[in-house]
Structures are given as C-alpha cells and as structure tokens.
Amino acid sequence: MCGIFGAIAKTNVVTIITAGLEKLSYRGYDSAGIAVIDDHQQLKRRRLSGKIENLIECLKADPLSGDLAIGHTRWATHGEPIEKNAHPHFSENEIAIVHNGIIENYLVLKNELLQQGFIFTSDTDSELIAHFLQAQFKLHGDMILSIRRLMGRMKGSYAILAIHKKLPHQLYAFKKGSPLIIGHGTNENFISSDILSLCAYTDQFSYLNDGDIAEIKINKIGIYDTYGNETEPDKVKVDCQPSHSTKNEFPHFMLKEIYEQPEACKATIDDCRIAIKLLSDLKTKNNLSLLKSIKRICIVGCGTSYHAGLVAKSWIEKIVMIPCTVEVASEFRYQPTIVEPQTLFISISQSGETADTMGALRKAKKLGYFLTLAIGNVLQSTIMRESDYHLLTAAGPEISVASTKAFTTQLMVLLSLTLELAKAHRRIDLSAQFHKELANISLSIKQVLSTENDLIKIAQYLSQKNQVMLLGRGQLVAIALEGALKMKEISYIHTQAYPAGELKHGSMALIDKNLPVLVLAPRDAMVDKMKSNISEITARGGNVIVITNKNDLFQESEQIKVIVLPASHFLLTPILFTIALQLIAYHVAFLKGTDIDQPRNLAKSVTVE
Ligand code: M6R
C-alpha cells in the first residue's frame, strides 16, 4: 500500500509534503518519512516509525527546509515497521526514493547490487530501487535512462518518486500498477498517490499511465515513454473539493460515520435514482434496452465491499430472477473464468483503488464481459475511471479504516439497481411499493441508532470474551460476515460468522458457556428454523444474544438476551441489522481501548495484492 507525495516549488515544501501525507495516511500508517534537497544542495531526511503525527513532531524539533521534497506513509510489506525500514531510502547519500507497491523479484536484483558493493541498511524490497538508480546514474549520468533500465528489470507493482542531489531542480516519478497523479500549479508542481490530497493546490491534473516516466520541474513537466520519447502530459480539469473531515463532537471518526448513515443513505438513494435512470435509458447497438439485455451478473469486491455483493446476490436472484455470482476479487483474478454472454460485471470498491478489485476489473475487460459497472465512493478513482459505467455512493469521505457508511450506501445503490433491473426484466415491480420504504430510510436508521444504549450493554458483555460467534440465514448470512469482520478489525476479538443451519456440521463443537453467540433473527420465513438453532445452542449450555425486529418473537431467559430493532421491509433488514452490529463492534473496541479509527496492521486502501 503506502502513500507517496512529492512537490517542487519556489518555497519550502516540507509542510506541503506533511499535509499531503496526512491526507494519504489512509493508505498506511506504520511509519512516515520525508527527504528534501536543502538550500546547501544536500540530501536530508527524517523518518520515524508510527503515524505521520510522529514525523510532524520530529520536524518541529528538528526542522528541514527545501523547495524539492518527497514523502511517504507506509504500510509494511517487507520488513518490520521500524525506522530503518521507513522510506525514503537513500543510496550513497545522493539519491532518495519512495515506493508504493511490491517488487516481486527483489531478491535477484538485491543480490546483483550487493555484488556491486552497495550496502543495504533496511529489510525492504524498496531500497534496491535507490541503489539500482544510483548505479545506473553513475554509469551515464542520465536519470531517464536509469529509470528505463530499472523498469526493464523490475517485476511487480510500483509507484516511485526519486530525487538526486546532483539534479536539485527536478523530481522523477514512474509507475506500473499503482496510481500516480500529477497536480499542475503555477511555479509549483506536485505528485501524489491520489487526487484528493492535491486538490487544495490545483484543479489541473494528469494521470500517469503504466510505463510513463515523469520529469517534474518547477515550470515544466515532461512525460517519457519506455523508449525515452518525450511528450507533454495530458491535462484534465477536475473540480474536487479538499475534504475537511473532522470528528466534531464524536470521539472517533467511526462513530461519526455510523451516525452519518441516515443522511448518507438518503442522499445515495436520491443521487442514484438519476444515475440509474440514465443507465435504464441506455440502448445496445441493436436498440434493445441495455438493462434488459443483461442475462446474468458477476460481482467482485474485497472485505466489506465483497459482503455488499453477497447481499446483492440474494436480492438479484430473488427479485430480478437472473443468476448472480459473487467472488472475492483476489480469487477471481487468478481462477479460470467462464464468461457467459450478456454478463454484467460489477466491481464494488469504496476507495476505487483496491489492487485486487482493480486486477479483477482489468481481467474482466480483457475477457470481454458484456458491460463493466463500478460502484464506489471516489469518483476520480481508477476503478471508477476504468469501468464502462459507474454509480457513485454519496457516503462522503470515509476516514475510519472500518467501513460503515460506505457499506450501507453500497447496499442502497445495489438495491436501486436491483429494482431497476427488475423493472427492465418485467419482474414484479416492487419500486412503487418500495418507494415509501426508501423515503423513510433515514428514520428507520435513526431508530436503530436510538437503541445504542441497549447495544452498549451487549458490548460490555462481549468485551469480556475472547471469541464470538455470529449466525444468520438467507440475506443475513452476509451481514453476519460483515459484523464478524467489523468485530475482528477494531476489537481484535476473534469472531466467526456462519449460516445458522451450518452450525451442526462441525462448529457446534465450539459451543459452551464461554462462547457468546450473536444470532441475527428478523421476522421472516426462516424465523422458526432459527428458533430451533437457538434451542440447539442453549441445550448445550451456550449463551445467545438474539437481534430481531419484532417484539415477543423470542423469550428472554438466563441464556437468551434479546435486542429488538425497528420492524422493516425485508429489503431494508440487512442495512438496519448492519448498523446494530457496527455499534456493538464500536463499543466493544471502545471498552477494550483499541485504536478504533486506525486499527493495528491495517490500512484504509489496500493498493497491493
Ligand atoms: O476500498 P474497498 O471497498 O475496495 O476496500 C475493500 C476492503 O479492503 C475494505 O472493505 C475492508 O474490508 C474494510 N476496511 C473493512 O471494514
């Protein structure tokens, strides 16, 4: 993963770099660092383990100054998150590089450089980049050629920035697989892993393509191809707003984002209606309705976004009555795929930059799927740009690593799409009936939020445990998986989700009085089956917490606690039950004192495989 940011200006750019890194810290927060070419044309750096705040404090005590600098915020892949592995990496105190990605053949290249006498001081795959470029630069003094030679040898994915003290008026950027965006200023230029970190400085951008090498000077930017031919960068104007997310009165972004769901879901429904109307008006070459032409659907995503796909599958197959497969993107990429005609390929990604989802989309395009559609929360992201069509969630920036409002707004988009597909396929038209339900979505979510105190009591109980089981049936199996992911991610309590009927096929052996079982049991056709499953658990001494949406459906007892959420239409049940699970996970984590918004070992955007 990692975020990288570079700047060249007529003034000291150190605070620009640290501000950029703060915005990129969703890509990793294991360590942070900066390198500048200072006023004496010396290469200087500061780098520390831990979050960007540590680097900012360090720079206060021990400032750096320079009008050319590169910075990095790390999610460790090779080597522990300690100072010696933090970027920027140097070679012979002359060149500095920062890298996002993974060099797959690093051991081969490292051995060659060791034989040439270069000394490695880190355990990373990235350090070899600095030494390789330095070796080449010493040979012929041409940085573009040095980079071309390096790119000819490196395997893997990368976005790299490099500065050399003998070239104090330019910075170099090159990429394959990982994103890099140039921000064009006046007497200043920038480059970053994402556009949002740049939009405080400019509205003119260039997206680097794989294989491009950019030479960025204060007043000129040249793009070189793999043969060394120079072209001008293609500029696009993008009116992106710098995001100023603050926690307001909330102790964590996660809680704030949970509480933003009434508005975010409502806004998504409203925005989506217009976008989906456009989709439903589209025609194929033969002048047939595009949506009607879709005969099956394949959905990919990772983590929470994958769970959104699983919920959508149950809706699409029930309501539109066309087959829908859902695959984890990292598996889809490398498994044999049979492409059926007229299949709509949907990739779901909050960030739109997840490497596995992007890989899956690129594979789908190569395989010639009928149509690709992205559902995401960042309009300018790679996945949204590379898909034939996209639908935007109106979640607003999601800062907490644990996805909350992005998930429920994804469900809103998928629900709207399902209803529109049902109309196109002349299935039972639920949209009129459902209109009222959707109009009340904010209210229903607020009612769930108002049960927070009851959920805190459950959280107090669960926070004493070191494992939890979560059960669901039908469309709520995906919600059990999502609830378990949330719990693991922020509370570090091992939580396993199962389809309730599957319990007796092995996992029942785990049941005893120390393993709390959370059961998602809305009023639906499966509720009696769920009651039997609960009896099977209590008969074996297990303790159950039932989350339902109808009073008197379950009897409290010594072994059974019941939480009642507001009654809901079955299509909204997954959304409302999710919110209850988000609050439980949040409060368990709060009681355990974990780093809720930036849990250990994780990053918000997973840009490596
Ligand atoms: O940005 P994406 O939706 O593609 O991210 C996919 C997963 O990494 C993400 O949903 C992850 O599982 C969440 N942080 C979990 O809360």
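Read the numbers this way: they start at 1 and go in the same order the structure lists the ligands and their atoms.
Counted by atom type alone, D454 and T451 present zero donor-acceptor pairs between their side chains at under 3.5 Å. If you check the side chains of E249 and Y259, you find no donor sitting under 3.5 Å from an acceptor.
For ligand 1 and S403, the ligand atoms under 4.0 Å from any heavy atom of the residue are 16 (O). Set against the non-hydrogen atoms of S305, the atoms of ligand 1 under 4.0 Å away are 2 (P), 3 (O), 10 (O). Close contacts between ligand 1 and A402 involve ligand atoms 16 (O) [criterion: under 4.0 Å to a heavy atom]. Of all atoms in ligand 1, listed by their number and element, those nearer than 4.0 Å to a heavy atom of G303 are 12 (O). Near V401, meaning under 4.0 Å from one of its heavy atoms, ligand 1 places the atoms 13 (C), 14 (N), 16 (O). Less than 4.0 angstrom separates some heavy atom of Q350 from each of these atoms of ligand 1: 1 (O), 2 (P), 3 (O), 4 (O).
Residue L485 touches ligand 1 through its side chain alone, judged by heavy-atom distances below 4.0 Å. At a heavy-atom distance under 4.0 Å, no atom of E353 approaches ligand 1.
In terms of protein heavy-atom proximity, atom 2 (P) of ligand 1 is nearest to T354 OG1, 3.2 Å. Counting protein heavy atoms only, atom 7 (C) of ligand 1 is closest to C302 O, 3.6 Å. Closest to atom 1 (O) of ligand 1, if we only count protein heavy atoms, is S351 OG, 2.7 Å. Protein heavy atom at the shortest distance from atom 11 (C) of ligand 1 is T304 N, 4.1 Å. For atom 8 (O) of ligand 1, the closest non-hydrogen atom of the protein is V606 CG2, 3.8 Å. Looking only at protein heavy atoms, the nearest one to atom 16 (O) of ligand 1 is E489 OE1, 2.7 Å.
Both tests hold for K318 against F570: distance to the six-membered ring centre under 6.0 Å, angle to the ring axis within 45°. A cation-pi arrangement is found for R385 relative to Y207, the charged atom lying closer than 6.0 Å to the ring centre and inside a 45° cone about the ring normal.
Salt bridge status for R27 with E353: absent, with no side-chain N to carboxylate O gap under 4.0 Å.
Screening H99, H78, H72 against S126 for a side chain to side chain contact (heavy atoms under 4.5 Å, CB included) leaves a single residue, H99. Of the listed residues (L344, D388, L290), just one forms a side chain to side chain contact (heavy atoms under 4.5 Å, CB included) with F370, and that residue is L290.
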Q: Please step through side-chain contact (heavy atoms from CB on, under 4.5 Å) for the pair M487 and L581, ending with a clear verdict.
A: CA-CA 8 Å; M487 189 78 123; L581 293 177; over 6 Å; no
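Residue contacts with ligand 1: K486 is included, with a non-hydrogen atom under 4.0 Å away.
With ring centers used as reference points, F332 lies under 6.0 Å from F345.
The N/O atoms of G352, backbone and side chain alike, include none that comes under 3.5 Å of an N/O atom in ligand 1.
Ring geometry for Y158 versus F174: interplanar angle over 60°, hence perpendicular rather than tilted (30 to 60°).
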